[in-house]
Amino acid sequence: MEKNNETLRTLRHSVSHIMAQAVQNLFPQAKLAIGPATDTGFYYDFDLTDGYAFTEDDIAKIEDEIKRILKENLTFECYVIPDVDAQIAEFKAQGEIYKAELLEEHRNDNPTLYLTKDKDGKVLFNDLCAGPHVPSTSYIKANAIKLLKVAGAYWCGNENNKMLQRIYATAFWNKEDLQSYLTFLEEAEKRDHRKLGNALDLFSVREEVGGGLVLWHPNLAIVREEIENYWRSEHRKRGYVIVNTPHIAKSKLWEISGHTGHYRENMFFINDDGEEYVLKPMNCPFHILIYQANRYSYRQLPLRMGELGTVYRNEKSGALAGLTRVKGFTQDDAHIFCTPEQMVDEIDAVIDFVSDTLKIFDMSFEVELSTRPESFVGEISNWDKAEAGLKEALDNRKMKYEINEGDGAFYGPKIDFKIQDALGRTWQCATIQLDFNLPLRFDLKYQDKDGVLKTPVMLHRVIFGSMERFHGILIEHYAGAFPTWLAPTQAVVVPISNEKHADYAEKVYKKLRDAGIRVQLDDRSESMNYKIRENLQDKKTPYVLVVGDKEIEANSVAVRARGIGPAGVLTVDDFTEKITEEIKSRAANLTIKE
RNA sequence: GCCGGCAUAGCUCAAAGGUAGAGCAACGGUUUUGUAAACCGUAGGUUGUAGGUUCGAUUCCUAUUGCCGGCUCCA
């Protein structure tokens with residue numbers, strides 16, 4: 001067997017068997033559930049039956065036991081189950097109820113066991129498993145295995161089932177690969193937006209306010225302002241109208257929209273003297289009401305209506321995390337009302353919008369198309385047309401995408417765009433959803449060519465998804481070192497001597513400030529070296545401008561660029577012009593260098 | 001919501017059944033610097049909250065809140 005990336009999953013799967021064997025050696029009561037390989041390692045789920053949970057000590061002991069087992073040089077052998085009923089009975093007799101359940105499910109798939117044997121042919125461990133496996137433990141390097149963490153996980157991923165103990169681990173062909181993976185994890189941790197959010201004074205979440213309710217500090221508010229400016233101008237260019245709507249509405253509205261039925265547990269309710277209000281979990285009903293305020297002819301469609309709308313969703317407490325999963329967030333929401341004929345072009349235009357936008361941030365994304373779920377509303381013929389429309393739009397531009405059968409919303413199919421964060425986790429940000437439900441519920445109409453009143457097609461779409469989540473991803477994407485157009489402070493003027501150069505420094509500072517650059521004057525009584533280091537390294541400011549005698553002489557600044565070093569001596573006008581161009585073009589990298 | 005872990009100064013972390021210490025930041029002073037951390041000093045904490053055990057709890061126990069890693073859910 002060749003040791004390459006394709007067979008790495010096989011190795012990991014084999015190590016998961018060894019880990020299960022080690023666990024059962026140390027914890028004979030442990031029942032086996034499943035233990036697959038993943039993209040970055042593997043895990044195994046155990047039921048410890050007595051409610052016991054693995055401790056850190058246990059993990060260390062299991063790791064030692066794995067090493068001990070590996071020294072025995074065992075072989076993996078496939079064994080076709082001759083009599084499924086007998087094997088199920090045996091699993092049950094052993095108390096392996098999960099294996100019995102799995103075998104029952106796979107009874108017609110020619111199920112196999114994999115046996116782990118010692119050199120005398122004695123079976124030390126067996127597991128219901130389709131394989132494949134490495135031939136023997138000689139392929140497994142003890143120093144290339146690492147048990148990473150313990151977590152609870154429901155049997156079959158269903159929250160009504162028993163919670164099992166999952167051990168996450170990873171394995172590589174050699175210890176160097178393991179080491180570089182662990183280094184990657186450490187690096188990723190440094191990029192964590194929650195750490196950087198604190199270190200760079202970007203945002204906070206306070207207990208007194210509540211979990212998932214974000215306080216945007218001035219630094220991140222500047223980033224957001226720039227992003228919102230981009231968002232607004234881009235929407236105007238692309239023919240959207242922008243609206244504003246309230247944060248609360250009477251329950252009645254949410255009954256019409258169907259939210260009180262389908263979305264109730266995520267909603268916040270407010271009572272005022274017998275009148276019940278809801279804190280809006282979505283913006284759609286308001287936009288629909290704005291549509292309803294006018295009669296539309298086919299000539300006036302499509303109507304593209306956008307809003308930076310703040311919504312509140314009562315998430316399960318354990319679901320909250322930093323900026324990426326919150327209770328109150330602002331969606332860059334828009335709803336497009338169009339005729340069925342216009343649908344594909346509108347979808348196409350939104351895909352354009354998403355790609356153009358993510359390109360600016362140098363972000364890569366994956367596309368998923370989700371189709372009709374089991375329970376759905378509307379006509380099947382409409383669903384088919386809509387799915388075909390989404391596919392057509394994606395195929396027309398030769399975009400790669402995966403299809404998630406049956407994963408659409410109950411009201412329509414959708415295209416999701418997923419961005420990766422620093423740890424390689426993917427986050428749904430942009431999404432385009434077709435909706436057959438709300439136009440009917442609100443009885444929306446437009447008058448067509450033939451004079452007949454017809455129901456428009458409605459598209460929900462977001463580009464960033466939520467401002468909170470997008471900023472979380474943005475922080476990690478740039479590791480806190482924002483490009484100049486987004487940087488809270490774009491340049492800092494540092495006089496070499498406050499006594500001799502303060503006046504000139506202030507002159508430079510004012511000139512840049514008046515040119516619209518976010519500049520600061522660092523005239524603290526600190527050494528020049530300290531200021532350079534702090535501003536570039538700690539605060540991650542793009543440019544430090546050092547000024548002394550020579551610069552006064554030449555009316556210039558000595559530029560030092562973040563992560564680059566000395567970036568030449570420019571006249572103040574020259575620097576202003578260059579940085580202004582860099583900001584205006586929303587350059588992804590620093591452009592002023594030597 | 002579920003399983004597990006954690007909670008000490010503004011931040012990052014130590015220590016410990018006899019009420020806690022460092023670095024950075026802050027403040028005061030000295031220094032006025034030519035390209036990624038000058039020096040000296042001062043101040044700063046009911047150890048998340050509420051109970052319990054104990055002569056004594058910040059440490060042990062219980063509850064609670066928040067956060068972290070997952071599961072479920074999701075923009």
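In what follows, chains carry the letters A, B, and so on, assigned in the order in which the sequence lines appear, proteins first and then strands, with residues in each chain numbered from 1. Computation of the quantities below employed the complete heavy-atom set of this structure, encompassing side-chain atoms and omitting hydrogens, waters and symmetry-equivalent molecules. As the structure is a computational prediction, the values presented were derived from the model and not from experiment.
Asp47(A) places none of its side-chain heavy atoms less than 4.5 Å from the side chain of Gln165(A).
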For RNA chain B, the dot-bracket notation using Watson-Crick and G-U wobble pairs below 3.5 Å, [ ] for pseudoknot-type crossings and | for other-strand pairs, is (((((((..((((....[..)))).(((((.......))))).....(((((..]....))))))))))))....
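Residue contacts for Ala319(A): at a heavy-atom cut-off of 4.0 Å it reaches a base atom on one of the strands shown. Nucleic acid contact class of Phe470(A) (heavy atoms, under 4.0 Å, all strands): none. At a threshold of 4.0 angstrom between heavy atoms, the contacts of Gly318(A) include nucleobase atoms, whether or not backbone atoms are also involved. Among the protein residues, Lys149(A) comes within range of the sugar-phosphate backbone only, with heavy atoms under 4.0 Å from sugar or phosphate atoms but none that close to a base. Among the heavy atoms of the strands lying under 4.0 Å from Gly152(A) is at least one base atom, whether or not backbone atoms are also near. Counting any heavy atom pair closer than 4.0 Å across all strands shown, Val494(A) reaches no nucleic acid atom.
Checking the phosphate oxygens (OP1, OP2) of rU31(B), no side-chain nitrogen or oxygen of Asn498(A) falls inside 4.0 Å. The side chain of Tyr168(A) places an N or O atom within less than 4.0 Å of a non-bridging phosphate oxygen (OP1 or OP2) of rC71(B). Listed pair Lys418(A) / rA75(B) fails the phosphate criterion, with no side-chain N or O lying under 4.0 Å from OP1 or OP2. The phosphate of rC68(B) (OP1 or OP2) has a side-chain N or O of Arg194(A) nearer than 4.0 angstrom.
One atom, CG of Asn158(A), and another, P of rC2(B), lie 16 Å apart when rounded to the nearest Å. Look at CZ on Arg524(A): it is 16 Å from P on rG29(B), rounded to the nearest Å. Rounded to an integer number of Å, the gap from CD of Glu208(A) to C1' of rU49(B) is 12 Å.
Taking a centre distance below 5.5 Å and an interplanar angle below 30 degrees as the stacking criterion, Trp427(A) does not stack against the six-membered base ring of rA75(B).
Using modelled atom types, one finds no donor on one side chain facing an acceptor on the other under 3.5 Å when comparing Thr310(A) with His247(A). A donor-acceptor contact closer than 3.5 angstrom is absent between the side chains of Gln29(A) and Thr49(A). In the model, Thr571(A) has no side-chain atom that pairs as donor or acceptor with a side-chain atom of Asn555(A) under 3.5 Å.
The stretch residues 211-220 of chain A comes close to RNA chain B through Gly211(A), each having a heavy atom under 4.0 Å from the strand.
The side chain of Glu315(A) approaches rC73(B) more closely than any other nucleotide in the set rC73(B), rC2(B), rU32(B). For Ser317(A), taking side-chain heavy atoms from C-beta onward, the closest of the listed nucleotides rC3(B), rA75(B), rG1(B) is rG1(B). Candidate nucleotides rA75(B), rG1(B), rU32(B) were compared by shortest atom distance to the side chain of Lys316(A), and rG1(B) ranks first. Residue Ala151(A) has its side chain nearest to rG70(B) when only rG1(B), rC11(B), rG70(B) are considered. Of all nucleotides listed (rU65(B), rG4(B), rC71(B)), rC71(B) comes nearest to the side chain of Ala153(A).
Salt-bridge check for Glu553(A) with Lys550(A): failed, with every basic side-chain N at 4.0 Å or more from each acidic carboxylate O. A salt bridge is defined here as a Lys NZ or Arg NE, NH1 or NH2 lying under 4.0 Å from an Asp or Glu carboxylate O, and Glu105(A) with Lys99(A) fails to meet this definition. Residues Glu186(A) and Arg191(A) are not paired through a salt bridge, judged by the lack of any N-O separation under 4.0 Å between the basic side chain and the carboxylate. The pair Arg372(A)-Glu405(A) does not count as a salt bridge, with every side-chain nitrogen at least 4.0 angstrom from each carboxylate oxygen. Ion pair Glu159(A)/Lys316(A) flagged as a salt bridge, since at least one NZ, NE, NH1 or NH2 atom sits closer than 4.0 Å to an Asp/Glu carboxylate oxygen.
Between Phe470(A) and Phe361(A), the ring-plane angle classifies as perpendicular under the 30° and 60° cut-offs. Taking the six-membered ring where the residue is Trp, His259(A) and Tyr263(A) present perpendicular rings, their angle passing 60° and hence far from 30°. Relative orientation of the His460(A) and His335(A) rings is perpendicular, given thresholds of 30° and 60° on the angle between their planes.
Aromatic pair Tyr44(A)/Phe42(A): centroids not less than 6.0 angstrom apart.
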Across nucleotides 34-45 of chain B, 5' to 3', mark each nucleotide with B, S or - according to how protein heavy atoms within less than 4.0 Å reach it. BBBBB-------
